[in-house]
Number of protein chains: 2
Amino acid sequence: MNESTPKKPILLLALGGNALIRKGQEGTIEQQFENLQVPIRQIAKISQDYRIIITHGNGPQVGNLLLQQECCDALPKMPLEILVSQTEGQIGYMIESTLDGELMALGIDHKMLVSLITYVVVDKNDPAFKNPTKPIGPNFSAKEASRHDYPTMETPKGYRRVVASPRPITIIEKREIKKLIDMDFIVICCGGGGIPVVRNGRAFSGVDAVIDKDLASARLAEEIGVDIFVMATDVEGAMLNFGTKNEKVLRTVTVEEMTCYRKEGHFSKGAMLPKVDAALQFVQHGGRRAVITSVTNIEAAVAGQAGTEFILKRGDNHD
Amino acid sequence: MNESTPKKPILLLALGGNALIRKGQEGTIEQQFENLQVPIRQIAKISQDYRIIITHGNGPQVGNLLLQQECCDALPKMPLEILVSQTEGQIGYMIESTLDGELMALGIDHKMLVSLITYVVVDKNDPAFKNPTKPIGPNFSAKEASRHDYPTMETPKGYRRVVASPRPITIIEKREIKKLIDMDFIVICCGGGGIPVVRNGRAFSGVDAVIDKDLASARLAEEIGVDIFVMATDVEGAMLNFGTKNEKVLRTVTVEEMTCYRKEGHFSKGAMLPKVDAALQFVQHGGRRAVITSVTNIEAAVAGQAGTEFILKRGDNHD
C-alpha cells in the first residue's frame, strides 16, 4: 500500500437496537433517523482520530419483517437469512446516509464510506441448533403456532418462534473489510450479527438462525485486529446488583475481576451477558480495550470518561 | 496505486428481474437462487478477463415488500426508500453468495467481492415528480385505493400505486466503487436503480420514487469509466417489429441507426426503450460497447457472438 493515510488505531462501534428505536417508541422511520443522529454525530467526530467499523443490531426490524410476511399469505415466505439481509440493506443505508450528513456538517467531505452485506459462518453442528432458544418475531395464539412447522416457546402473550443462536466462527468478508479499513474507509457491516451461513462443500448456504451481534462484532474485531471495541446500548455500562438499590456501574475492570462478577450472576442472560462475553473474548484474544457504554456517551467512553472499560490487567496503558 | 492488478477492462453487468424470478414462477427463494446461477456462473468465468460491476433490478422484490406491509396494519409503514434499501440487502446477498460459490467451483478463491448499499441523487424538480407514471406494488380495489394518500392508476385488475421515476443524476458511492474496481474487487451495487435521494442542504434525504436500473447503471458506467456495459434480460436483444412475423433481432447497430429505429417506435416504453436509451447514452458519452442480451447469453454477448451491440460508428474496434 502506498496510501498516505497514517495508521490510526481501529475502533469498532457495535450499535444496539436502541440506537434506532427507543423503548416505548412505535419505530416510525422519522424516529429511527432522528435517534441515529445521536451515536452517528459522535462517530463522525471520532473518525478523525480512528479508523472506523460500525456494526449494528436488527432485532425490531427483523421482527417486523417476519410479522409482515406472516400477515400476507399471498406471497412465498422468505427464510430468515433473507430477512436478515433485508435489514442489513435497510439499516446500512440509514447509518451510511446519516453519517454522510454528519460528516458533511463537520466539513469532512473526503471520507470514503461503504455499507457492506456481510455473512458469517456458523457450525452446522453447533449445539444451539439442537436447542433453539432465541425468540424472534410476533406473538401467536396456540392455534396459529400449531400451523407452523418451526419450534416455538410459550411467552406471557402467547407463543413466539424460537431459532438457534449459534456462535460466529468467521466473517466471510473479513479480507475485504480489512483492506477497506487499511485505506481508511469507514465500513458499516455485520448487521444483525451477519447473515448466518454454514459451509456446504466449498460454498455456503444460509440457515434459519440469528447470530448475536456483539459476539459477531467481537469475532470481526479479532479477525481485523481492532484496537478498541465499543458496544453502545441503553444503559451506562455493566452494573453490579442491577435493578437493586445497591446497583453500581463498573468503570474499569480486568478480565479476572469481570470473570468473577460474571460467575456471581450479575449480568442478565438476554441483555448484558452477551456484551460482557463479547468484551471478555475481545480483550482475552489480544484486543486493547473493550467498552460497554450508552448511546449518548460514545465519545466520552472512547476518551476513557464513561462506560465500563475492560482491560487485560491493571497497569496496562490504555492508548 | 502499487497494486499488482493489471488494468483489465471494466465490464458492468445489469441484471434484469428475470435473472431472479422467471415468468410464471411464484418466486420462492429456491427458484431465485437457482435462476441466479445462470448469469452468475458466466460472470464468474468472465471475471478472469474483466474487472466486474454487477447491478440489478428489484421490481418483484420491492413489490412484495410493499404488498406485505399493506397487509399488516399493526406496524408503521416504511417509505419506498427503505423498501428499496431492503431489496439491495436481499439481492446483494443473493448475488454475492452465489458468485462466491461459482468462483470457488472454478477454483478462484482470491477474488475480493462486496455488495454495497448505493444511493443515487435525483433532482427534486425532475418533471417525473409532477407526473408519476411508474406502477409499483399490488393491485387494490377502488375503495382500498381511496384509503391511501398517494397517486394511483387504473389497471385491468383495479388500481395500483404510481410513483415518479426521475432521471439519475449521480451515484453517491461512485468514488468508493471506482477505488474498489481499481483494486479488482467485484462490486455489486446500484440495486433497484439505487435508493433515490435528493440534495437537502449539504446532506441527502430519501424520496418516494424508483429509478430505472438501466439508466442508473448507464450513469454509473459513465461516472466510473466502464468499457463494456451489458444489460441481461429475457429476450435475445433489441428487435425490429417485435411481436410480429417480421420480428428481427438487431446485432450490431450504430448510435445513428438505433436513434432512427427508436424514432420509428420499434421499442416498447415499459420494456426495451429504457435499455435502448441507457445503451445509447453510454456509447454517446464515451463508452466503448453496450450490449443488450439474454441472461443465458452473457458470455457469448461479451465475446461479440450474441445480443444487440451498440457502437458509436461502423469501423470501430470492438475490443
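Predicted, not measured: the structure shown is a model, and the values here were computed from it. Lettering of chains follows the sequences in order, A, B, ..., and the numbering in each one begins at 1.
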Name the region of [X], side chain, backbone, both or neither, that has any atom closer than 4.5 Å to a heavy atom of chain B.
X: A/Met104; answer: both
X: A/Gln32; answer: side chain
X: A/Tyr93; answer: both
X: A/Ser97; answer: both
X: A/Glu176; answer: both

Can a donor-acceptor pair be found between the side chains of A/Thr118 and A/Glu173 at a distance below 3.5 Å? no
Could you verify whether a donor N or O on one side chain and an acceptor N or O on the other, from A/Glu223 and A/Thr170, lie under 3.5 Å apart? yes
Euclidean distance, [Y] [atom2] relative to [X] [atom1], rounded to 0.5 Å:
X: A/Glu26; Y: A/Thr28; atom1: CD; atom2: OG1; result: 6.5 Å
X: B/Cys72; Y: B/Leu67; atom1: SG; atom2: CG; result: 11.5 Å
X: B/Leu36; Y: B/Glu96; atom1: CG; atom2: CD; result: 12.5 Å
X: B/Gln86; Y: B/Leu80; atom1: CD; atom2: CG; result: 10.5 Å
X: B/Asp184; Y: B/Ile10; atom1: CG; atom2: CD1; result: 10.0 Å

A/Asn200, A/Leu116, A/Ile188: which one forms the most heavy-atom pairs within less than 4.5 Å of chain B? A/Leu116
Pick from A/Val114, A/Asn64, A/Val197 with the largest number of heavy-atom pairs that fall under 4.5 Å of chain B: A/Asn64
Where does [X] contact chain A at under 4.5 Å (heavy atoms): side chain, backbone, both or neither?
X: B/Ile195; answer: side chain
X: B/Ile91; answer: neither
X: B/Asp73; answer: neither
X: B/Phe204; answer: side chain
X: B/Gln69; answer: both
X: B/Leu180; answer: side chain
X: B/Met112; answer: both
X: B/Leu75; answer: side chain

Heavy-atom pairs under 4.5 Å with chain A - which of [options] has more of them than the others?
options: B/Glu102, B/Glu88, B/Glu81, B/Lys77; result: B/Glu81
options: B/Ser205, B/Ala203, B/Ser85; result: B/Ser85
options: B/Gly101, B/Ala74, B/Gly206, B/Pro79; result: B/Pro79

Heavy-atom closest pair, residues [X] and [Y]:
X: B/Ile171; Y: B/Leu220; value: CD1-N, 3.7 Å
X: B/His110; Y: A/Arg175; value: O-NH1, 3.2 Å
X: A/Val121; Y: A/Ile172; value: CG2-CD1, 3.5 Å

Ring geometry between B/Tyr150 and B/Phe140 (parallel below 30°, tilted from 30 to 60°, perpendicular above 60°):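 The rings of B/Phe140 and B/Tyr150 sit tilted, inter-plane angle from 30° to 60°.
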